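Owing to the predicted nature of the structure, the values given are computational and were not obtained by experimental measurement.
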Protein chains: 2
Amino acid sequence: MTDELMTIRQMCDAFEVTARTLRFYESKELISPLRDGQRRLYGRRDRARLKLILRGKRFGFSLEEIRQMLDLYDLDDGQETQFRRTCELARERLAVMERQRLELDDAIAELRGQISWGERKLADFDKRKPAAE
Amino acid sequence: MTDELMTIRQMCDAFEVTARTLRFYESKELISPLRDGQRRLYGRRDRARLKLILRGKRFGFSLEEIRQMLDLYDLDDGQETQFRRTCELARERLAVMERQRLELDDAIAELRGQISWGERKLADFDKRKPAAE
DNA sequence: CGTTACGTTTACGTAAACGTCAGCGGGCCT
DNA sequence: AGGCCCGCTGACGTTTACGTAAACGTAACG
């Protein structure tokens with residue numbers, strides 16, 4: 001119904017996080033929901049940011065790093081120097097991620113090799129005692 | 001000279017880790033250097049394992065997960081059940097890594113988009129004040 | 001009016017992965 | 001013999017990213 005503003009519980013269900021996590025992110029200034037008195041109300045902007053936060057986390061970025069990246073999305077718009085700095089940060093981050101991609105590919109290949117070696121070994125086991133039933 | 005056996009200091013220099021880290025990994029049974037009395041001596045096997053440990057860490061695997069992966073490389077060779085279990089673990093790990101790869105590609109694409117958007121914005125800045133010197 | 005559900009703040013707890021520090025011994029140089 | 005560096009072993013401190021619990025507010029339900 002109110003898909004514009006969501007309660008904390010709705011957010012938890014939608015993103016599979018705990019309320020504690022949302023409050024924690026807020027305390028770290030990663031999101032800043034509106035208030036209805038005391039109660040938090042999360043809008044589209046908060047949902048977009050949370051989505052990015054969760055993805056960032058999956059790559060092992062720290063919340064602090066994520067916070068800096070998020071600043072890309074809403075800058076003072078006029079602070080050119082700050083803007084350039086933020087772009088710079090993003091490019092560095094991109095370089096890190098691309099390097100990680102290479103290493104990940106490498107590691108995947110290696111692990112694949114180990115597994116197929118293991119499977120040949122298992123085939124040997126099966127040959128040595130062919131009939132179990 | 002002795003490229004077969006290395007002291008802890010040589011290892012630190014070679015891999016850019018602290019001695020504390022090496023001892024810590026040992027306490028977690030990730031590596032098991034020889035001893036000359038009290039002193040640790042690291043061989044080729046230890047270096048290979050350390051290399052894998054450091055790579056694993058870069059992907060966000062925990063030391064405990066890494067330890068399990070390392071067990072692929074030296075299994076009891078005879079404990080078939082244990083062997084199957086380990087292979088199983090490796091396949092799960094591989095699936096995780098492949099999923100990570102997809103997400104990483106996704107994030108890289110998105111970050112690239114943000115950056116090029118930012119660069120267009122910067123071009124606008126330059127146009128509005130074309131001559132600085 | 002009691003209780004049930006949801007929300008809030010504040011505060012302490014925890015696991016991982018080390019850093020840092022203290023205290024000790026051994027070897028080597030002079 | 002004195003000093004110095006290397007290494008060893010605890011033991012405690014630190015950071016990150018939350019979990020967990022206590023204590024309270026409020027709003028609806030029966």
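Side chains of B/E64 and B/Q68: a donor-acceptor N/O pair is present below 3.5 angstrom, by distance only.
Rounded to an integer number of Å, the gap from CD of B/Q38 to C1' of D/dC8 is 6 Å. One can place CD1 of B/I8 at 9 Å from P of D/dT9, the figure rounded to the nearest angstrom. We find that CE of B/M6 is positioned 16 Å from C1' of D/dC6, with the value rounded to whole Å. The distance between atom CZ of A/F61 and atom P of D/dA17, rounded to the nearest whole Å, is 13 Å. Counting to the nearest Å, the P atom of C/dC18 and the NZ atom of B/K28 are 10 Å from each other. In this structure, CZ of B/R67 is placed 18 Å from P of C/dA15, rounded to the nearest angstrom. Counting to the nearest Å, the C1' atom of C/dC6 and the CG atom of A/D36 are 13 Å from each other. Atom pair B/E26:CD and C/dA17:C1' shows a separation of 16 Å (rounding to whole Å applied).
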* Stepwise, does the salt bridge (charged side-chain N to carboxylate O under 4.0 Å, His left out) test hold for A/E88 with A/R84? -> CA-CA 6 Å; A/E88 194 52 39; A/R84 284 186 191 282; over 6 Å; no
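Checked for salt-bridge contact, A/E98 and A/R93 miss the test: no charged N lies under 4.0 Å from a carboxylate O. Ion pairing between a basic and an acidic side chain is recognised when a charged N comes within 4.0 Å of a carboxylate O; A/D106 and B/R55 show such pairing. With respect to the salt-bridge test (charged N to carboxylate O, under 4.0 angstrom), the residues B/R9 and B/D13 do not qualify.
Using a 4.0 Å cut-off, some side-chain N or O of A/R9 falls inside it from OP1 or OP2 of C/dG7. Here B/T7 reaches the OP1 or OP2 of D/dG7: one of its side-chain N or O atoms lies under 4.0 Å away. Distances shorter than 4.0 Å separate some side-chain N or O of A/R40 from OP1 or OP2 on C/dT8. Of the side-chain N and O atoms in B/R23, none sit less than 4.0 angstrom from OP1 or OP2 of D/dC6. Proximity of B/Y25 to the phosphate of C/dC18: a side-chain N or O atom is located under 4.0 Å from OP1 or OP2. The phosphate of C/dC18 has OP1 or OP2 within less than 4.0 Å of a side-chain N or O from B/K57. For D/dG7, the OP1/OP2 oxygens have no side-chain nitrogen or oxygen of B/R35 closer than 4.0 Å. The side chain of B/T18 places an N or O atom within less than 4.0 Å of a non-bridging phosphate oxygen (OP1 or OP2) of C/dG19. Residue B/T21 places at least one side-chain N or O closer than 4.0 Å to OP1 or OP2 of C/dG19.
No continuous path of hydrophobic side-chain contacts links A/L52 to A/V96 [ILVMFWY only; heavy atoms under 4.5 Å].
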Sub-3.5 Å pairs of nitrogen or oxygen atoms, protein against nucleotides 20-26 of chain C:
residue : atom : partner : partner atom : Å
C/dT20  : O4   : B/R20   : NE           : 3.1

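Within the model, atoms NZ of B/K57 and OG1 of B/T21 stand 8.0 Å from one another, a figure rounded to the nearest 0.5 Å.
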